[in-house]
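Reviewing the structure listed below.
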Protein chains: 2
Amino acid sequence: MNIGDAAKASGVSAKMIRYYEEIGLVPKAARRGSGYRDYGEADVHRLRFIRRARDLGFAVEEIGELLALWSDRTRASSAVKAMALSHVEDLRRKRDEIDGMIATLEGLAACCHGDDRPDCPILEELATETAPVGPPPGPPRFGRPGGRAPQRS
Amino acid sequence: MNIGDAAKASGVSAKMIRYYEEIGLVPKAARRGSGYRDYGEADVHRLRFIRRARDLGFAVEEIGELLALWSDRTRASSAVKAMALSHVEDLRRKRDEIDGMIATLEGLAACCHGDDRPDCPILEELATETAPVGPPPGPPRFGRPGGRAPQRS
DNA sequence: ATAAAGTTTCCCATCATGGGAAGGTCAAGG
DNA sequence: CCTTGACCTTCCCATGATGGGAAACTTTAT
């Protein structure tokens with residue numbers, strides 16, 4: 001099986017397959033006489049595993065751990081569960097951060113009449129000298145704890 | 001004002017201030033005889049604006065547009081509102097994607113007894129030959145439409 | 001035999017951020 | 001006056017996961 005076929009079969013692009021090999025996430029593929037990489041069912045299986053884990057938001061490094069657990073027949077399921085739940089915590093943090101942004105922006109947008117006139121509470125808020133205000137009407141105030149907003153696409 | 005003071009006053013690191021200057025997000029700072037950059041209140045004000053916008057998840061390029069609107073006294077507030085709401089849409093998409101991951105992972109984790117035994121539905125799911133199954137008990141099934149999970153920290 | 005499609009490696013780009021080195025500048029204290 | 005430490009400058013490198021593209025080679029189909 002060529003890399004292209006393995007890519008189609010696993011849903012991982014050929015580029016990424018080579019990358020995963022380079023960083024050691026997957027073992028070095030066998031080579032044919034021509035130098036072409038040669039893949040079997042087991043490799044595709046492994047790649048599919050990786051792709052699924054990526055879809056669930058696991059970082060490549062974490063996937064390495066998952067793969068290790070996967071190939072360890074004596075693993076304790078608690079170890080896997082712990083990884084999963086810890087990852088869920090990460091995801092929740094990110095989601096909450098995004099929710100905070102959404103709440104603030106919607107609050108501001110709701111205050112903005114959004115017509116031809118130039119005065120706009122959104123810009124005013126961004127330009128405020130002091131601390132941010134957020135949506136004036138009561139509900140749950142969003143408070144970013146501190147530090148930079150880390151990643152965003 | 002030195003760059004360090006501007007950094008403290010604005011909440012943008014000195015590194016990033018130089019970077020923003022380099023990419024043209026902020027105008028080239030005035031220089032003193034020594035070569036040191038020199039900042040005034042207006043510069044700090046602008047940097048603070050940028051930082052706030054970053055905190056709301058705007059990309060640097062979008063912030064450039066926001067700054068342009070900000071400095072355009074004749075802007076229509078509708079333009080700003082449109083940017084804000086379009087960004088909210090982006091954020092919502094990301095959040096929903098994360099929510100899907102959380103739902104799937106929690107469903108799997110709930111099925112995993114999480115003890116010493118090696119059998120683990122989480123790994124089984126990742127290793128499944130066919131399509132993912134997700135949390136078996138009824139509720140809203142999470143369906144990722146297709147394509148890669150794009151960014152994750 | 002030739003053309004098309006697939007593969008190889010290598011380099012570059014992204015996006016926002018930080019680390020660190022080598023060297024210049026400034027302010028305070030002796 | 002000189003030293004010391006804190007600050008500044010530029011330049012290069014790294015991150016994480018992904019893609020783009022070039023130049024050269026192999027395989028496959030016509």
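These figures come from a predicted structure and were not determined experimentally. Computation of the quantities below employed the complete heavy-atom set of this structure, encompassing side-chain atoms and omitting hydrogens, waters and symmetry-equivalent molecules. Labels below follow one simple rule: chain letters A, B, ... track the order of the sequence lines, proteins then strands, and each chain is numbered from 1.
- Here the P atom of nucleotide dG20(C) and the CZ atom of R18(B) are 15 Å apart, to the nearest Å.
- Considering only residues two or more places apart in sequence or on other chains, D72(B) meets the salt bridge (charged side-chain N to carboxylate O under 4.0 Å, His left out) condition with none of them.
- In terms of modelled atom types and a separation under 3.5 Å, the side chain of S77(B) and the main chain of D115(A) share a donor-acceptor contact.
- To the nearest 0.5 Å, atoms CD (E125(A)) and SG (C120(A)) are separated by 10.5 Å.
- Distance CD1 (I17(B)) to P (dT17(C)): 12 Å, rounded to an integer number of Å.
- Contact annotation: R37(B) does not reach the phosphate of dT25(C) (side-chain N/O to OP1 or OP2, under 4.0 Å).
- For the atom pair CG of L66(A) and CZ of F49(A), the computed distance is 5.0 Å after rounding to the nearest 0.5 Å.
- In this structure, R54(A) reaches the dT18(D) phosphate: one of its side-chain N or O atoms is under 4.0 Å from OP1 or OP2.
- When heavy atoms are screened at a 4.0 angstrom cut-off, R32(A) is found touching no nucleic acid atom at all.
- In this structure, the OH atom of Y20(A) is 13 Å from the P atom of dG16(D), given to the nearest Å.
- Within the structure, every side-chain polar atom (N or O) of S13(B) is placed at least 4.0 Å from both OP1 and OP2 of dT17(C).
- Between I3(B) and I23(A), the residue anchored closer to the 5' end of DNA chain D is I3(B), taking for each the nucleotide with the nearest heavy atom.
- Within the structure, a side-chain polar atom (N or O) of N2(A) is placed less than 4.0 Å from OP1 or OP2 of dT7(C).
- Annotation for A84(A) and F58(A): closest pair CA-CZ, 4.3 Å, computed over non-hydrogen atoms.
- The interatomic distance linking D38(B) (CG) with dC7(D) (C1') rounds to 14 Å, in whole Å.
- Residues R31(A) and Y36(A) each lie close to DNA chain C; by heavy-atom proximity, the contact nearer the 5' end of the strand is made by Y36(A).
- Atoms CD (E22(B)) and C1' (dT10(D)) sit 11 Å apart, rounded to a whole Å.
- Rounding to whole angstrom units, OH of residue Y19(A) and C1' of dG16(D) are separated by 6 Å.
- Of the side-chain N and O atoms in S34(A), one or more sit less than 4.0 angstrom from OP1 or OP2 of dT27(D).
- One atom, NZ of K15(B), and another, C1' of dA16(C), lie 13 Å apart when rounded to the nearest Å.
- Look at CG on D5(A): it is 16 Å from P on dA5(C), rounded to the nearest Å.
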